[in-house]
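These notes concern the structure reproduced below.
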Protein chains: 2
Amino acid sequence: MPPKVKTEHEKQQLKTLIIDAGRELFVTKGVEAVSMREIAKQIGYSATSIYHHFNDKQDLLRSICHTDLAALASTFAAVMQITEPVERMIALGKAYANFALSHPNHYRLMFMTPHPADTAQEIQTKQNYSEQDAYFLLKTAVTAVYEAKRFKPELNDVNLIAQTIWAGMHGVCALHITMAQDASWIEWSDVQQRLQLMHMVLMRGLLRD
Amino acid sequence: MPPKVKTEHEKQQLKTLIIDAGRELFVTKGVEAVSMREIAKQIGYSATSIYHHFNDKQDLLRSICHTDLAALASTFAAVMQITEPVERMIALGKAYANFALSHPNHYRLMFMTPHPADTAQEIQTKQNYSEQDAYFLLKTAVTAVYEAKRFKPELNDVNLIAQTIWAGMHGVCALHITMAQDASWIEWSDVQQRLQLMHMVLMRGLLRD
DNA sequence: AGGATGAGTTAACACCGTTAACTTAACACC
DNA sequence: GGTGTTAAGTTAACGGTGTTAACTCATCCT
């Protein structure tokens, strides 16, 4: 196909076309198993054309994750409508786990794969749009619970609390995702049961009696 | 070097030579960044010779993990000497976290990378040597606490409890490992603090008051 | 003595991410 | 309206990857 000068809109459109095709392939076949050529073929372009829109494969991967993080944040935003602080915090945890288990490969890309350090510019961007950031919403919800004095009195670091809740949910989800097919020699209990117990443990461990 | 018929012992020796070189490289540079040729060069053999001892790269990776799992199990075995059940269970958790944080790339290989389904034969082997298995030791420790009636009365599934403890520790460690360099936009609290709080939460959530 | 085996070799294949060099359509400007 | 510049595509190529095939030979078995 002969080249054409594109408007900013068309340019963005192709970029999201690449992102969508890349995500679909990455998510179903795994990052390492998908080649740039394959992604390009999927959208009917040559492989090298992708490099006009992304620096390299890592950059494409990061863009995908960034997009999906925004999607997660937007489902979080819906949950934030709940007014009762504790209830809201619990609902966030459930939404998180639900996302992880229903999009496991997505989740692996986003939270189980280390991405090389972002550029300073990208960090700046993220900070400016932090209201779209899922962690920010979690922290907000935790802060509300804290201000309602519902946490145990000795707990007074909101970041620490939020990160512990995150870690608890992440632990169940990540372990499930990496070990689900493998490690059949362990008598795994049902993942929903494990999530539920983790939830209970977190609440009993963090909230006032 | 001309070929030579080897005794069973020499054969195993070369196998562990490959495993050790492979682990060293994998752990310092990451699995995907290390080629079979590089491993071979390290030990002074040609790349293809590795294929006489392992089916493919995945197989080598699995063998490395299997070896290291045994190593983890042996540090667990030392902890098992503690007699007081609750104390012993806590010590296991700390040993686990200590292992994860002091050998992060090791840990990533073992618990954060999905390995394709083991062959039936390998599963059999693992089951037979389950006393060397780290999870088995955790489960044993949890069972002892359970039998001492120290868990909350409504908790009566030992596997579920063990897996929840595992998930909690794993969550903190895994999140730390994947997010340590990246995600500088989050105000991470100290990882030791996070571990400590997770520990406290797990105990308060699981044990009788 | 002589064939079978097994542990090593080199050569080669198909594919990968990425770069370089090229083509051509659209725009900016005199 | 010609003309240079730029943007967005292309094909060709490079070096590297996991892996397989074909080949040596030293050793063992009979």
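Protein chains get the first letters and strands the later ones, always in sequence-line order, with residue 1 at the start of each.
- Note: A/Met36 CE to A/Phe54 CZ = 8.5 Å, rounded to the nearest 0.5 Å.
- No more than 12 heavy atoms of other residues, nucleotides or ligands shown are found within 6.0 angstrom of CD on A/Glu24.
- The side chain of A/His52 lies closest to D/dT10, out of C/dG8, D/dG18, D/dT10.
- Among the nucleotides C/dG17, D/dT10, D/dT19, the one closest to any side-chain atom of A/Tyr51 is C/dG17.
- Taking every side-chain heavy atom of A/Tyr45 into account, D/dT10 is the closest of D/dT10, C/dG17, D/dT19.
- In this structure, B/Ser35 reaches the D/dT17 phosphate: one of its side-chain N or O atoms is under 4.0 Å from OP1 or OP2.
- Under the Watson-Crick or G-U wobble criterion, with both distances below 3.5 Å, D/dA8 is paired with C/dT23.
- B/Asp59 places its CG atom 14 Å from the C1' atom of D/dG18, with the value rounded to the nearest Å.
- Within the 4.0 Å cut-off from OP1 or OP2 of C/dG8, not a single side-chain nitrogen or oxygen of B/Thr48 is found.
- Between the CG atom of B/Asp56 and the C1' atom of D/dT17 there is a distance of 14 Å, rounded to whole Å.
- Between B/Glu38 atom CD and D/dG18 atom C1' there is a gap of 14 Å when expressed in whole angstrom units.
- Going from atom CG of A/Asn55 over to atom P of C/dT18 covers 10 Å, rounded to whole Å.
- At whole-Å resolution of the value, CD in A/Gln58 and P in C/dC16 are 17 Å apart.
- At the heavy-atom level, B/Ser46 lies under 4.0 Å from base atoms of the strands shown.
- Heavy-atom minimum distance, A/Lys57 versus A/Val31: NZ-O, 3.3 Å.
- Atom CD in A/Glu32 sits about 12 Å away from atom P in C/dC16, given to the nearest Å.
- Across all strands shown, C/dC29 forms a Watson-Crick or G-U wobble pair with D/dG2, both key distances being under 3.5 Å.
- Remark: aromatic rings of B/His170 and B/Tyr107 are close, center separation under 6.0 Å.
- Across all non-hydrogen atoms, the minimal contact from B/Leu202 to B/Thr164 is CD2-O, 4.1 Å.
- Between the CZ atom of A/Phe54 and the C1' atom of D/dA8 there is a distance of 15 Å, given to the nearest Å.
- Separating the CZ atom of B/Arg37 from the P atom of C/dC16 is a distance of 16 Å, rounded to the nearest angstrom.
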